[in-house]
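Here the structure is laid out as structure tokens; the discussion comes afterwards.
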Amino acid sequence: MADTAERAASGAEIQLESVTKRYSGTREPAVSDVTMTIPAGKIVILVGPSGCGKTTTMRMINRLIEPTSGTITIGGEDALSLNADDLRRRIGYAIQQAGLFPHFTVAQNIAVVPGLLGWDRRRIDDRVDEMMELVGLDPAEFRRRYPRQLSGGQQQRVGVARALAADPPVLLMDEPFGAVDPITRGHLQDELLRLQAELRKTIVFVTHDFDEAVKLGDKIAVLGDRSAILQYDTPEAILANPADDTVAGFVGAGASLKQLTLLRVRDVDYRDNAITAGSEESPAALRKRMTDEGRTYALVLDARRRPERWVHVRDLSSATSLAGVGRPVGDSVSTQSTLQDALEAILVEGGNAVVTGGRGEYLGTIDIRTVTDTIQQLRDEHDGGSAAP
Ligand code: ADP
């Protein structure tokens, strides 16, 4: 991993200056006079209604679409004066439904750009394995599979691995998680954030989903017709102060609830607050510890301290051993998870969710109280800062 971080090209700043695109045979430009700076190493989200020009704007950056006028620079270099093929090899590109070549294996798909760049066989093989590990696919299992033999989420991971294979400073992502179910989408988003913490690429990400924008963006550009920039700011600033009614409408109801996607489990107090036991402990001893502390539930951990089961104090009076007592722990959350994800897990789990670390080990728990307190705090801060009674 340190190896990857060292070799990774850090992101490059992208500047669009008065960029316009007029498709032939159309009266109005699809994108009109857009000027914006996308800072190096950040995730910038282009969000707006369907047809507002998001995809056109993004594709002009790698010249899949040629601008009619204006200038685009990447890392200070004029993108329009570079050979378009060279440019595209320096810019990773991931799209909805991954856009994988169906007759290529996973490994061949990931190897496309390194192959075009003339890397030797050995280096490409190593890179394919490294990229697969990076996106959480076991090379031994998946290298030789074809895209149709993968789930939607796995295809999307391969798409991201392929986009990153040649270590480009810039990554363009066009609704990359639009076609997968909400739970898989949440996981892919978490993984993108984890990757980005390590890689620090400049990522331009198109979506029409404002919640996704809030979760992923360092900055969000809310676009109107012809890619007019209605507001370009951090998610916090847009949620707190939408620039106008159109943006407010797009942000939608429940802006304070949406702020839950800005907060992570690591921001709240979850630490080691459950009564835990190893399955070798005697039920009587655990029961005593629980009654002493006035607790009704305890968490049984396995030998590697991974959460196994919740036991109720009344399960213990008749039990002869902790093995097999209680109900299995369901969905857990990580310290990276958003409070929104945690809230979902808490509701599914019926009261609280277990927080686990990188190896699945128990760190603590988070309950509905923590989340409601956080919402209350956000609301107080918001009310404190506004003139409304
Ligand atoms: P978005 O990504 O926000 O949905 P697009 O950039 O795809 O929007 O499209 C912006 C506008 O340009 C739309 O009105 C669309 O119909 C139009 N458009 C897109 N591609 C073409 C094309 N090849 N020829 C003519 N018009 C196009």
Side-chain angles (χ1 to χ4, degrees), residues 14-38 42-74 79-80 84-85 87-88 91-100 152 156 159-160 163 170-180 182 185 188-189 192 202-233 235 238 242-252:
I14 304 169
Q15 276 189 308
L16 283 71
E17 185 76 45
S18 301
V19 173
T20 292
K21 174 65 188 180
R22 196 182 295 273
Y23 288 107
S24 59
T26 57
R27 284 185 39 178
E28 297 283 329
V31 170
S32 177
D33 198 25
V34 169
T35 297
M36 74 187 296
T37 300
I38 295 160
K42 302 290 181 193
I43 303 182
V44 167
I45 314 282
L46 307 182
V47 64
S50 179
C52 75
K54 303 182 293 294
T55 298
T56 303
T57 303
M58 165 177 271
R59 289 185 173 180
M60 287 193 283
I61 296 171
N62 65 357
R63 288 173 61 200
L64 281 172
I65 294 173
E66 294 286 348
T68 309
S69 61
T71 58
I72 297 175
T73 58
I74 298 174
L80 302 179
D85 286 335
L87 180 69
R88 266 169 241 152
I91 300 179
Y93 186 51
I95 58 175
Q96 191 169 36
Q97 290 177 322
L100 301 176
Q156 234 39 86
V160 172
V170 172
L171 190 57
L172 306 182
M173 308 186 83
D174 193 348
E175 302 236 10
F177 310 143
V180 294
R185 188 180 314 141
L188 291 169
Q189 290 165 344
L192 179 64
T202 303
I203 300 180
V204 185
F205 189 109
V206 161
T207 183
H208 61 264
D209 175 354
F210 193 75
D211 291 341
E212 180 165 73
V214 170
K215 177 167 175 185
L216 296 179
D218 293 305
K219 289 183 85 175
I220 300 175
V222 185
L223 304 181
D225 286 349
R226 296 184 282 284
S227 265
I229 298 172
L230 305 179
Q231 192 166 9
Y232 183 38
D233 213 328
I238 293 174
D244 61 24
D245 289 350
T246 315
V247 177
F250 208 67
V251 168

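When a ligand or atom number is given, it counts from 1 through the structure's own listing order.
- Listed by number with element, the atoms of ligand 1 under 4.0 Å from a non-hydrogen atom of Gly51 are 1 (P), 3 (O), 4 (O), 8 (O), 10 (C), 11 (C), 13 (C), 14 (O).
- For Ser227, the heavy-atom gap to ligand 1 stays at 4.0 angstrom or more.
- Going from atom CG of Leu172 over to atom CD1 of Ile61 covers 5.5 Å, rounded to the nearest 0.5 Å.
- For CG of Asp245, the number of neighbouring non-hydrogen atoms (other residues, nucleotides, ligands) closer than 6.0 Å is 12 at most.
- Of all the atoms in ligand 1, the ones that sit under 4.0 Å from a non-hydrogen atom of Ser50 are 4 (O).
- If you look at Pro49 next to ligand 1, the close heavy atoms, those under 4.0 Å, all belong to the backbone.
- The atoms of ligand 1 that sit less than 4.0 Å from any heavy atom of Lys54 are 1 (P), 2 (O), 3 (O), 4 (O), 6 (O), 8 (O).
- The shortest non-hydrogen separation linking Lys21 to Glu66 is NZ-O, 2.9 Å.
- One distance of note links CG of Leu230 with OG1 of Thr246; it measures 6.0 Å at 0.5 Å rounding.
- Side chains of Met173 and Val206 form no contact here, defined as non-hydrogen atoms less than 4.5 Å apart.
- Between Thr26 and ligand 1, no pair of N/O atoms sits closer than 3.5 Å.
- Using a 4.0 angstrom heavy-atom cutoff, Gly48 does not count as in contact with ligand 1.
- Taking CG of Leu188 as the start and CZ of Phe177 as the end, the distance is 5.0 Å to the nearest 0.5 Å.
- Within the listing of ligand 1, atoms 11 (C), 12 (O) sit less than 4.0 angstrom from a heavy atom of Ala30.
- With hydrogens left out, the protein atom closest to atom 5 (P) of ligand 1 is Thr56 OG1, 3.6 Å, a heavy atom.
- For the atom pair Lys215 NZ and Arg185 CZ, the distance stands at 10.0 Å (nearest 0.5 Å).
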